[in-house]
Every structure is written in structure tokens, then in C-alpha cells.
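In what follows, residues are counted from 1 in the order of the sequence shown.
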Amino acid sequence: MFQDTFAAELATRIGSRVEVATDNNLIEGILSTVTADLVLVVEVNGGYGENTTLYLSIDAINFVRFPAAAA
């Protein structure tokens, strides 16, 4: 039940800068897609290389943080 509520809240924040923590990683990027089971985060690098897309299981997420935008 909580998973559905969590996914619904994340879906309202698509396009936001996000930090997602799992047991082993801290992923920073743009929240791109949210489904009932998965979250897609696009890690944006500042250079000319390709961006990295990461699919995370909702079950694997420990916490999500939305950092304040720089002024």
C-alpha cells in the first residue's frame, strides 16, 4: 500500500532534480519516469558525454531527496 502512495507522489515530481538512496548507492539526476514498480533517473553530466539512465526498483529505494534549486 505504501509503495503505491510513494510511486504516486514521485510521479507528481517528474522533471525535478532528485537524489535517490539505495543500500549501496546515492544516485543524483533528473526524475524521468515513475511506474508502480520502477523509477527512471537520468544522471546528467556536465560535459559532452552521454547521460546515464538508471532504472531503480521502488522496493530498493531507502529515501528520496529533492535538493533546493540554486538561486
- Task: Find the distance between CG (Leu38) and OH (Tyr55) and round it off to the nearest 0.5 Å.
- Result: 8.0 Å
- Task: Rounded to the nearest 0.5 Å, what's the gap from CD on Gln3 to CD1 on Ile61? Could you check?
- Result: 9.0 Å
- Query: Would Ile14 and Phe6 show up in the same hydrophobic cluster when neighbours are defined by side-chain heavy atoms closer than 4.5 Å?
  - Reply: yes
- Query: When clusters are formed by joining ILVMFWY residues with side-chain heavy atoms under 4.5 Å apart, either directly or through shared neighbours, do Leu56 and Ile58 land in the same one?
  - Reply: yes
- Hey, could you give me each pair passing side chain to side chain donor-acceptor pair (under 3.5 Å) that has a residue in residues 58-67? Not counting sequence neighbours. Glu19-Arg65, Asp23-Asn62
- Query: Val41 and Glu28: which non-hydrogen atoms are nearest, and at how many Å?
  - Reply: CG1-C, 4.5 Å
- Task: Sequence neighbours left out, what passes side-chain contact (heavy atoms from CB on, under 4.5 Å) with Ala11? Give chain and number order.
- Result: Val34
Please examine the side chains of [Y] and [X], heavy atoms only from C-beta on, and report whether any two atoms are closer than 4.5 Å.
| X | Y | value |
| --- | --- | --- |
| Leu54 | Glu43 | yes |
| Leu10 | Val39 | yes |
| Leu40 | Thr53 | yes |
| Val64 | Val18 | yes |

- Heavy-atom donor-acceptor pair, Thr35 side chain to Asp37 backbone, under 3.5 Å: yes
- Residues two or more places apart in sequence or in another chain: which of them pass salt bridge (Lys or Arg N to Asp or Glu O under 4.0 Å) with Arg17? none
